[in-house]
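Accompanying notes for the structure given below.
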There are 2 protein chains.
Amino acid sequence: MDKDKIDKKDHILDVAERVFSEKGFDGASTRLISGEAGVNMAMLNYYFGSKDGLFLAVFQRKIASFQDILQNLGNDGSISAWSKMEQYIELYGDKVVANNCFQKLLYQEMGMNRGNDLSHKLRDMLLKNVTELDKILNEGIANGEFKKDIDVAMVIATLYGTKNYILNTPMMAEPLLGYDITDDKMIETRLKPQIKSFMKNLLKAYLFN
Amino acid sequence: MDKDKIDKKDHILDVAERVFSEKGFDGASTRLISGEAGVNMAMLNYYFGSKDGLFLAVFQRKIASFQDILQNLGNDGSISAWSKMEQYIELYGDKVVANNCFQKLLYQEMGMNRGNDLSHKLRDMLLKNVTELDKILNEGIANGEFKKDIDVAMVIATLYGTKNYILNTPMMAEPLLGYDITDDKMIETRLKPQIKSFMKNLLKAYLFN
DNA sequence: CAAAGTTAATCAAACGATTGATTAAAGTAA
DNA sequence: TTACTTTAATCAATCGTTTGATTAACTTTG
């Protein structure tokens with residue numbers, strides 16, 4: 001029935017997302033992806049047209065769930081900029097750390113600067129969140145809540161950079177943190193709270209007078 | 001003469017380092033590298049044995065200059081932990097931002113977790129600097145200079161992560177910072193001072209009571 | 001009802017192109 | 001000469017993709 005078809009395409013996308021994130025676009029052959037997904041090689045082209053189409057589909061599936069991460073923030077003028085920052089850290093911590101496999105792939109593709117339409121789409125998507133953060137921080141400066149000499153751009157770079165460093169280079173992060181960050185259980189019970197807590201404390205110390 | 005040979009090998013390594021960092025290991029074909037270097041394809045195998053050999057050589061050339069970045073820090077008990085941190089940020093800012101092309105390649109390879117000997121070598125190399133930082137921070141905690149509840153691992157992740165975010169994803173960092181971070185002149189005059197200054201202010205706010 | 005037709009899904013096999021690597025011959029300098 | 005470089009041609013292997021055949025599930029027709 002129809003549900004089975006959707007599930008199979010989704011299964012292929014799951015596997016492709018993981019393999020792409022592990023091996024990179026060029027390192028992930030269609031044979032390897034189809035093999036790990038347990039489907040015939042031709043099914044990739046049948047479903048997605050090409051390897052590029054598959055790659056694109058991996059992103060398109062996730063883009064929708066990311067672009068509205070901040071829909072309810074920054075619009076409500078009644079709460080303080082800092083509490084918005086806290087909300088952002090919470091949302092972003094939950095959403096982003098949960099999809100660490102996709103995040104790795106995402107920034108891998110952003111780093112490798114192809115002139116693709118995909119690259120521009122991804123940049124615009126991420127830039128939305130970034131500018132939202134920018135707005136919150138500047139609002140906090142304007143109303144005297146934060147120090148007026150804070151480096152907004154660098155704060156944002158720190159927020160995303162710290163997370164990326166941990167998730168994208170577990171080989172470094174693991175001996176640092178002292179537990180297995182590839183284990184989903186550990187991510188949920190230890191990594192997520194640790195990142196959230198640290199980020200709040202770090203920014204609280206930096207942003208306020 | 002001998003000098004020409006060395007220069008030619010060095011030239012190939014320069015080009016290979018750049019192409020590898022732009023396209024990734026799998027995306028950078030030997031034909032492309034040799035083409036951009038202006039040498040025959042067979043020269044790569046003649047000089048470096050194989051593509052893997054060339055890749056390894058790119059790293060080995062730089063490893064030596066990185067492993068002793070902190071030789072004069074952490075041993076001198078007379079200066080404060082904070083001034084050691086400041087020295088570290090200075091050294092690391094100069095060294096690391098200058099080799100941003102290599103840094104991109106480095107963390108690209110660290111992220112893609114191959115079981116290579118190379119991966120382990122690179123991890124050990126980077127881990128040396130990390131543990132040195134760890135030592136400084138714990139020393140600061142022990143002597144009451146820093147707060148005792150700081151998250152050492154996360155501080156280190158922040159230090160490296162923020163830099164990596166900016167250098168490895170210029171597509172995101174450029175609209176954030178507002179200037180061209182691929183321009184060496186801009187890196188020297190604006191990015192380097194900005195990173196150093198921000199990192200000192202950020203950590204100063206977080207580490208102290 | 002059953003036979004014929006239609007559709008999408010799946011497969012093994014093969015395609016041309018490109019990959020990293022090798023060869024043998026030509027070139028260069030001591 | 002002798003030893004080291006460089007070149008074009010070529011190798012087997014792998015790449016992404018296409019093909020034609022087969023299966024299975026519905027629809028239509030008689």
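If you're wondering where the values come from, they're calculated on a predicted model, not measured in any experiment.
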_Distance, rounded to the nearest Å, where B:M43 contributes CE and C:dT28 contributes C1'_ = 12 Å
*What residues form a side-chain contact (heavy atoms from CB on, under 4.5 Å) with A:N113, not counting sequence neighbours?*
B:M171
_Which residues pass the salt bridge (Lys or Arg N to Asp or Glu O under 4.0 Å) test with A:K204, not counting sequence neighbours?_
none
*Output the residues of residues 110-121 of chain A in contact with DNA chain C, where contact means a heavy atom of the residue under 4.0 Å from an atom of the strand; sort by number or write none.*
none
*Establish, with yes or no, whether the OP1 or OP2 oxygen of C:dA8 is under 4.0 angstrom from a side-chain nitrogen or oxygen of A:Y46.*
no
*B:Y47 OH to C:dA21 C1', straight-line distance once rounded to whole Å*: 18 Å
*Contacts of A:F48 that satisfy ring-ring contact (aromatic ring centres under 6.0 Å, His included) - sequence neighbours left out*: none
*Tell me, please, which residues at least two apart from A:K121 pass salt bridge (Lys or Arg N to Asp or Glu O under 4.0 Å).*
none
*Check step by step if salt bridge (Lys or Arg N to Asp or Glu O under 4.0 Å) holds for B:R61 and B:D10.*
CA-CA 9 Å; B:R61 186 175 62 147; B:D10 235 44; 3.5 Å; yes
*Measure the acute angle between the ring planes of A:F59 and A:F55, then classify it against the limits of 30° and 60° as parallel, tilted or perpendicular.*
perpendicular
Atom pairs and distances, donor-acceptor, side-chain atoms in residues 104-111 of chain B, under 3.5 Å, two or more places apart:
from: B:K104; atom 1: NZ; to: A:G111; atom 2: O; distance (Å): 3.0
from: B:Q108; atom 1: NE2; to: B:F20; atom 2: O; distance (Å): 3.4
from: B:E109; atom 1: OE1; to: B:R114; atom 2: NH1; distance (Å): 2.5
from: B:E109; atom 1: OE2; to: B:R114; atom 2: NH1; distance (Å): 3.0

*Nearest whole angstrom, please: distance from the P of D:dT5 to the CD1 of B:I12.*
12 Å
*To the nearest Å, give me how far apart CZ (B:F48) and C1' (C:dG20) are.*
16 Å
List every contact pair, protein side and nucleotides 15-18 of chain D side both N or O, where the distance is under 3.5 Å.
from: D:dG16; atom 1: OP1; to: A:K51; atom 2: NZ; distance (Å): 2.5
from: D:dG16; atom 1: OP2; to: A:T30; atom 2: N; distance (Å): 2.8
from: D:dG16; atom 1: OP2; to: A:T30; atom 2: OG1; distance (Å): 3.1
from: D:dG16; atom 1: N7; to: A:R31; atom 2: NH1; distance (Å): 2.8
from: D:dG16; atom 1: O6; to: A:R31; atom 2: NH2; distance (Å): 2.8
from: D:dT17; atom 1: OP2; to: A:N45; atom 2: OD1; distance (Å): 3.4
from: D:dT17; atom 1: OP2; to: A:K51; atom 2: N; distance (Å): 2.7

_Set of salt bridge (Lys or Arg N to Asp or Glu O under 4.0 Å) partners for B:K192, sequence neighbours left out_ = B:D94, B:E188
_In this structure, how many angstroms lie between the P atom of C:dA21 and the CG atom of B:L32, rounded?_
15 Å
*Take the protein atom CG of A:D7 and the nucleotide atom P of C:dA9, then report the distance between them rounded to whole Å.*
13 Å
_Residue-phosphate contact under 4.0 Å: B:K8 side-chain N/O, D:dT5 OP1/OP2_ = no
*Could you tell me which residues satisfy salt bridge (Lys or Arg N to Asp or Glu O under 4.0 Å) with A:R18, sequence neighbours excluded, listed by chain and number?*
A:E22, A:E36
